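Data first, discussion second: the structure below is written as structure tokens.
Here the structure is a predicted model, which is why all the values come from computation and not from measurement. Chain A is the first sequence line, chain B the second, and so forth, proteins listed ahead of strands; every chain is numbered from 1.
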2 protein chains.
Amino acid sequence: MNTNQADDALLALAQSFREALRQSVYVMRRLDSEEQLSSAQLGVLKMALDGGARVGGIARNLGVKVPSATEQIIKLERAGLVKREADPDDSRAVRVAATAAGRAAVENADRRRNEFIAGILGTLSPAERDAVQAALPVFDKINHSVQS
Amino acid sequence: MNTNQADDALLALAQSFREALRQSVYVMRRLDSEEQLSSAQLGVLKMALDGGARVGGIARNLGVKVPSATEQIIKLERAGLVKREADPDDSRAVRVAATAAGRAAVENADRRRNEFIAGILGTLSPAERDAVQAALPVFDKINHSVQS
DNA sequence: TCCTAACAGTTAGGTTGCCTAAATATCAAG
DNA sequence: CTTGATATTTAGGCAACCTAACTGTTAGGA
């Protein structure tokens, strides 16, 4: 039946997709192991760049619970990369802001990580790069449907 | 200059790619949280399906160190999903084989996870699904270059 | 033959990143 | 001025990974 064929194709695609997900986790781990700043910390730090991120917002944005965000923020604070200060408008809240060192660390980490990935992407054919480029927005969309 | 333009494009693609990687980790986590069998365990268990995987081979295949593989194998053994037996040809080695319960568990977990992903993929347009399909082999290739 | 280096796996101990539940402090509404 | 909601931190735990050290086995010389 047509419906079943469609389902089967979708399930087969899902299977391949899952395999790619597994691989992505591996690549991510590898990327992290090469650097000083973990990607969890980098994520938090990036959010603190604009100067006034709140803990809850950071957590929501990264898809983790608030205590997990707090944990990373404390580590970054100890490393001198962010500072925490009371929100002037709401004393319950905390504003997390990157320090100058934090800003520099983000730039550095981002550059190094991008160069690492770019090095790999550079070995692909133009057609392959195009395939990646075309798929990225779809991956984005998939992620958002998972979050919701 | 042309070279710099190419580099910039590559770095920009790398940046987007990294973002997708980050998202993949999130999706993977979500997928794991819905299930009884973690993806680490599922990976090991799948490798034990044929009946005679060795610990070192499992570890290499999953991109983890031997003790990490041992740890997962022990958990699976305690759950009755695999059994460990001495390799008849080399008493240093251990053969890890899925039990009947293990085989059933793989099928179940795989089906449920594929259905979850297929549910998401089903909301995409045909063009978007094609984009994903086209990119998956490239992702595979990228993974292999990271491993090496 | 026997010794030793290489190899396969396990054990011990540590790290990171995530989680839930409970405590603390503040806000805002009645 | 009390009470419920909100923002964060603290405490305690868990999963998956790692390195270093240990046990047992194999295999290649001297």
Side-chain angles (χ1 to χ4, degrees), chain A residues 21-22 24-45 47-48 52-79 82-97 147, chain B residues 22 24-45 47-48 52-79 82-97:
Chain A
L21 280 187
R22 225 197 74 70
S24 299
V25 172
Y26 184 91
V27 174
M28 205 59 176
R29 200 143 54 211
R30 168 70 181 272
L31 210 50
D32 265 17
S33 74
E34 317 260 339
E35 299 289 336
Q36 342 42 7
L37 215 52
S38 74
S39 51
Q41 284 167 21
L42 184 53
V44 170
L45 191 45
M47 227 143 288
R54 288 170 54 149
V55 177
I58 291 172
R60 222 169 305 115
N61 229 296
L62 293 178
V64 300
K65 300 298 177 188
V66 171
S68 306
T70 297
E71 187 180 337
Q72 299 307 330
I73 290 164
I74 288 172
K75 283 182 191 169
L76 290 170
E77 191 177 39
R78 277 204 282 260
V82 301
K83 53 187 182 321
R84 285 192 283 187
E85 34 200 36
D87 186 321
D89 301 340
D90 182 347
S91 322
R92 292 171 302 177
V94 168
R95 296 261 159 209
V96 181
Q147 275 189 238
Chain B
R22 227 199 71 71
S24 298
V25 172
Y26 184 92
V27 174
M28 205 58 178
R29 203 145 51 212
R30 168 71 181 272
L31 209 51
D32 266 17
S33 75
E34 318 259 338
E35 298 289 336
Q36 357 15 31
L37 214 51
S38 74
S39 51
Q41 283 167 24
L42 184 54
V44 170
L45 192 44
M47 226 144 291
R54 288 170 55 151
V55 177
I58 290 172
R60 222 169 306 116
N61 228 297
L62 293 178
V64 299
K65 301 298 176 188
V66 171
S68 305
T70 297
E71 186 179 336
Q72 299 306 329
I73 291 164
I74 288 172
K75 282 183 190 167
L76 290 169
E77 191 177 37
R78 276 205 281 261
V82 302
K83 53 187 182 321
R84 282 193 285 185
E85 36 200 36
D87 186 320
D89 300 340
D90 183 346
S91 320
R92 292 171 303 178
V94 168
R95 296 258 158 214
V96 181

Task: Any B:Ser91 side-chain nitrogen or oxygen under 4.0 Å from OP1 or OP2 of D:dT26 - done: yes
Task: Nucleotide C:dC19, atom C1' - distance to CG of B:Asp32 in whole Å - done: 14 Å
Task: Nearest-Å distance for atom pair CG/P, residues B:Leu42 and D:dA15 - done: 17 Å
Task: A:Lys65 NZ to D:dA7 C1', straight-line distance once rounded to whole Å - done: 15 Å
Open item on the list: Distance check needed: D:dA15 C1' versus A:Arg29 CZ, whole Å only.
Closed with: 12 Å
- [ ] Count the heavy atoms of every other residue, nucleotide or ligand shown that sit under 6.0 Å from NZ of A:Lys83, and state whether that count exceeds 12.
- [x] yes
Task: Length of the line joining B:Leu62:CG and D:dA15:P, which is rounded to integer Å - done: 18 Å
TODO: Take nucleotides 2-16 of chain C nucleotide by nucleotide from the 5' end and write B, S or -, depending on whether a protein heavy atom sits under 4.0 Å from the base, only from the sugar-phosphate, or from neither.
DONE: -----BSSBB----S
Task: Pairs satisfying side chain to side chain donor-acceptor pair (under 3.5 Å), at least one member in residues 35-44 of chain B, at least two apart - done: B:Asp32-B:Ser39, B:Glu35-B:Arg112
- [ ] Take atom CD1 of B:Ile58 and atom P of D:dA16, then tell me their distance rounded to the nearest Å.
- [x] 15 Å
- [ ] Could you tell me which residues satisfy salt bridge (Lys or Arg N to Asp or Glu O under 4.0 Å) with A:Arg60, sequence neighbours excluded, listed by chain and number?
- [x] none
Task: Rounded interatomic separation in angstrom, taking CE from A:Met28 and C1' from C:dG17 - done: 13 Å
Open item on the list: In whole Å, I'd like the distance from the CD atom of A:Glu85 to the P atom of D:dT8.
Closed with: 13 Å
- [ ] Report the residues that fulfil salt bridge (Lys or Arg N to Asp or Glu O under 4.0 Å) with A:Arg92, sequence neighbours left out, ordered by chain and then residue number.
- [x] A:Asp90
Task: Residues that A:Arg22 engages under salt bridge (Lys or Arg N to Asp or Glu O under 4.0 Å), provided they are two or more places apart - done: none
Pair up each side-chain donor or acceptor in residues 70-79 of chain A with any protein partner under 3.5 Å, not counting sequence neighbours, and list the distances.
| residue | atom | partner | partner atom | Å |
| --- | --- | --- | --- | --- |
| A:Thr70 | OG1 | A:Val66 | O | 3.3 |
| A:Glu77 | OE1 | A:Arg84 | NE | 3.1 |
| A:Glu77 | OE1 | A:Arg84 | NH2 | 3.0 |

